[in-house]
Amino acid sequence: MAPVPPGIRFLTSFNRDQWYRAFTFGLTFLLYTSFHLSRKPISIVKSELHKNCSHVMEAPSESSSSQQPVLHPELDCSWKPFDRNNYKQLLGAMDYSFLCAYAIGMYLSGIIGERLPIRLYLTVGMLTSGLFTCLFGLGYVYDVHSLGFYIFVQVANGLVQTTGWPSVVTCIGNWFGKGRRGLIMGLWNSHTSVGNILGSLIAGYYVSSNWGLSFIVPGVIIAAMGVICFLFLIEHDSLKNIKKKILPESIGVCVPVQQVVVVKSEAEPSAISFMGALRIPGVVEFSLCLLFAKLVSYTFLFWLPLYITKAAHLDAKKAGDLSTLFDVGGIVGGILAGVLSDKMGKRATTCAVMLLLAAPTVCHSADLIQEACAFKGMLLVCGGLVNGPYALITTAVSADLGTHKSLKGNARALSTVTAIIDGTGSVGAAVGPLLAGLLSAQGWDQVFYMLMTADFLALLIFCKFPTVNISKLNF
């Protein structure tokens with residue numbers, strides 16, 4: 001008899017429950033990848049919205065005695081209304097409108113999501129986010145030059161995108177317990193960096209020829225993923241027994257199925273209140289820490305391509321491609337933070353050490369902008385140290401706190417806790433790009449000083465905040 005191929009042996013080594021876990025892991029990964037993919041284009045398109053066309057050459061006229069091309073140093077190719085001298089403030093206001101709406105909406109989103117079916121809630125959010133992302137790109141197609149139009153689209157998109165994070169974290173938290181949660185969440189949270197990288201590449205491909213497509217294509221992608229979410233997302237492991245053999249039969253693997261008896265409690269616990277979530281030990285402290293950590297991360301997300309364009313004198317596509325190194329480092333940093341926190345059993349200590357190392361790294365990255373190889377290496381390191389604590393707090397820490405022992409088994413707190421932590425972090429995400437727009441007018445050095453200060457303040461939350469004992473915050 002022929003031996004069983006090793007690939008088949010590998011497939012049959014997993015039981016039905018593990019297949020569902022893997023499927024949910026992969027699906028939620030792709031769903032939130034599409035969210036970040038749709039947020040990234042604005043940072044790539046900034047340099048195109050305000051573009052100096054001093055390098056545009058015009059052939060000499062027939063009546064001209066000179067045979068040399070004519071250079072027009074004053075020619076302005078910017079997209080109105082971003083052709084003004086205060087264009088950095090206007091671009092900063094664009095970021096602020098999205099992120100401020102996102103921060104405010106996040107506090108409400110967790111409470112709403114705790115009371116609605118996650119699959120439907122997430123589907124509606126992704127479809128409407130796709131709509132508003134496409135609307136921004138249609139501004140180019142239909143030659144719209146109203147600042148109010150773009151601000152409205154940014155605010156609306158910021159609100160609907162709040163449906164994403166509480167939903168996917170709740171779903172993944174329902175399927176995976178605390179065992180090795182740091183590693184699992186670290187791997188899973190790489191979707192933010194993967195989405196940023198894909199968003200940069202897609203937007204960079206179209207930015208010079210038709211920047212409207214830099215938004216329309218990601219908008220179509222997130223809307224399509226919304227349809228997939230509606231068709232396939234299983235939000236809780238208690239639903240996997242509806243069709244017991246559907247997954248094994250579809251892949252041709254025979255897996256024994258045991259009879260499952262579901263016992264319902266007489267009174268299902270009610271969803272936790274906002275104030276009740278705030279009273280969970282560690283929620284306030286980690287929320288404040290994330291405020292500063294996310295300020296740094298989102299400033300890089302929204303302003304790094306423009307900084308590279310101006311400081312290294314690269315075009316928008318090359319700057320966008322180079323900025324993806326920061327996100328590649330973020331993938332490694334998120335996984336490393338998860339592994340270390342699992343090994344040591346100390347989430348807060350892991351965050352504190354990475355924040356301590358991040359501040360000087362951010363400072364030196366600005367000094368190496370003219371050294372191509374050194375700057376690329378520094379972007380990788382900086383991305384890892386900046387995004388490591390951010391990834392750990394928004395995933396493993398949020399899931400730990402949402403299932404804290406003080407809740408006495410009430411599982412209907414995870415979405416609200418996640419929303420409070422990420423909503424507070426989003427306040428920093430809104431302030432950071434706004435400050436970057438204001439400070440960059442005085443020189444890019446001021447922006448990097450601001451980022452260093454934010455990293456130190458995040459560290460001080462753990463070390464100096466009156467009610468914080470870092471040993472008590474370790475899980």
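Owing to the predicted nature of the structure, the values given are computational and were not obtained by experimental measurement.
- Annotation: Tyr96, atom OH; neighbour count of heavy atoms from other residues, nucleotides and ligands within 6.0 Å does not exceed 12.
- Between Met354 and Gly388, the shortest heavy-atom distance links the atoms CE-CA, 3.9 Å.
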Could you walk me through whether Phe25 and Ile184 pass side chain to side chain contact (heavy atoms under 4.5 Å, CB included), step by step?
CA-CA 9 Å; Phe25 182 98; Ile184 293 170; 3.9 Å; yes

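- No more than 12 heavy atoms of other residues, nucleotides or ligands sit less than 6.0 Å from atom OH of Tyr205.
- Gly164 and Phe35 get closest at one heavy-atom pair: CA-CZ, 3.6 Å.
- Residues passing the salt bridge (charged side-chain N to carboxylate O under 4.0 Å, His left out) test with Asp455, sequence neighbours excluded: none.
- Between the side chain of Asn387 and the main chain of Tyr390, no donor-acceptor pair closer than 3.5 Å is present.
- Under the 3.5 Å distance criterion, with hydrogens and angles disregarded, a donor-acceptor pair is assigned to the side chains of Tyr121 and Ser109.
- Salt bridge Arg39/Asp95: absent, no basic N to carboxylate O contact under 4.0 Å.
- For Lys46 (side chain) and Phe302 (main-chain N/O), a donor-acceptor pair under 3.5 Å exists by modelled atom type.
- Pairing each heavy atom of Thr163 with each of Ser167, the nearest pair is O-OG, 2.7 Å.
- By the salt bridge (charged side-chain N to carboxylate O under 4.0 Å, His left out) test, Asp327 pairs with no residue at all, sequence neighbours left out.
- At a threshold of 4.5 Å between non-hydrogen side-chain atoms, the residues Leu27 and Cys229 do not count as touching.
- For Tyr20 and Phe23, the gap between ring centers reaches or exceeds 6.0 Å.
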Residues 124-131 side chain polar contacts: donor-acceptor under 3.5 Å, at least two apart:
{"residue": "Thr128", "atom": "OG1", "partner": "Val124", "partner atom": "O", "Å": "2.8"}
{"residue": "Thr128", "atom": "OG1", "partner": "Gly125", "partner atom": "O", "Å": "3.1"}
{"residue": "Ser129", "atom": "OG", "partner": "Asn157", "partner atom": "OD1", "Å": "3.0"}
{"residue": "Ser129", "atom": "OG", "partner": "Gln161", "partner atom": "NE2", "Å": "2.8"}

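- Atom OH in Tyr107 sits 12.5 Å away from atom OG1 in Thr162 (nearest 0.5 Å).
- Remark: side-chain polar atoms of Trp303 are paired, donor with acceptor, to backbone N or O of Pro433 under 3.5 angstrom.
- Proximity of the aromatic rings of Tyr140 and Trp211 is defined here by a centroid distance below 6.0 angstrom, and this criterion is met.
- Contact annotation: the side chain of Ile221 never approaches that of Ser38 to less than 4.5 Å [non-hydrogen atoms, C-beta and beyond].
- Here the side chains of Asp342 and Val339 are not in contact, with every heavy-atom distance at 4.5 Å or above.
- Minimum heavy-atom separation, Pro166 to Met106: CG-SD, 3.5 Å.
- Thr361 places a side-chain N or O within 3.5 Å of a backbone atom of Leu357 that can act as its donor or acceptor partner.
- Between the Thr28 side chain and the Ile172 main chain, no donor and acceptor come within less than 3.5 Å of each other.
- One distance of note links CE of Met450 with CG of Leu435; it measures 5.0 Å at 0.5 Å rounding.
- Environment of CZ in Phe149: crowded, with over 12 heavy atoms of neighbouring residues, nucleotides or ligands closer than 6.0 Å.
- The number of heavy-atom neighbours closer than 6.0 Å to OH of Tyr449, taken from other residues, nucleotides and ligands shown, is 12 or below.
- For the residue pair Asn189/Thr395, the side-chain donor-acceptor check at 3.5 Å is not satisfied.
- Using modelled atom types, one side-chain atom of Lys40 and one backbone atom of Leu301 make a donor-acceptor pair closer than 3.5 Å.
- Note: Ser426 OG to Tyr298 OH = 6.5 Å, rounded to the nearest 0.5 Å.
- Scanning both residues, Ser193 and Ile331, for their nearest heavy atoms gives CB-CG1, 3.2 Å.
- Using a 4.5 Å heavy-atom threshold, the side chains of Ile228 and Met225 count as touching.
- With Thr424 contributing its side chain and Ser287 its backbone, the two residues share no donor-acceptor pair below 3.5 Å.
- Just one residue in the list Val169, Val283, Thr170, Asp422 forms a side-chain contact (heavy atoms from CB on, under 4.5 Å) with Val417, and that residue is Val283.
- Cation-pi check for Arg119 over Phe230 is met; the charged atom lies under 6.0 angstrom from the ring centroid and within 45 degrees of its normal.
- Residues Ile393 and Cys351 come closest through the heavy atom pair CG1-SG, 3.8 Å.
- The backbone N or O of Cys171 sits nowhere less than 3.5 Å from a side-chain atom of Glu235 that would complete a donor-acceptor pair.
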Dump the intermediate steps for side chain to side chain contact (heavy atoms under 4.5 Å, CB included) on Phe98 and Ile42, then the final yes or no.
CA-CA 11 Å; Phe98 173 89; Ile42 185 65; over 6 Å; no

List the steps, then state whether side chain to side chain contact (heavy atoms under 4.5 Å, CB included) holds for Phe326 with Leu304.
CA-CA 9 Å; Phe326 181 84; Leu304 182 58; 3.8 Å; yes

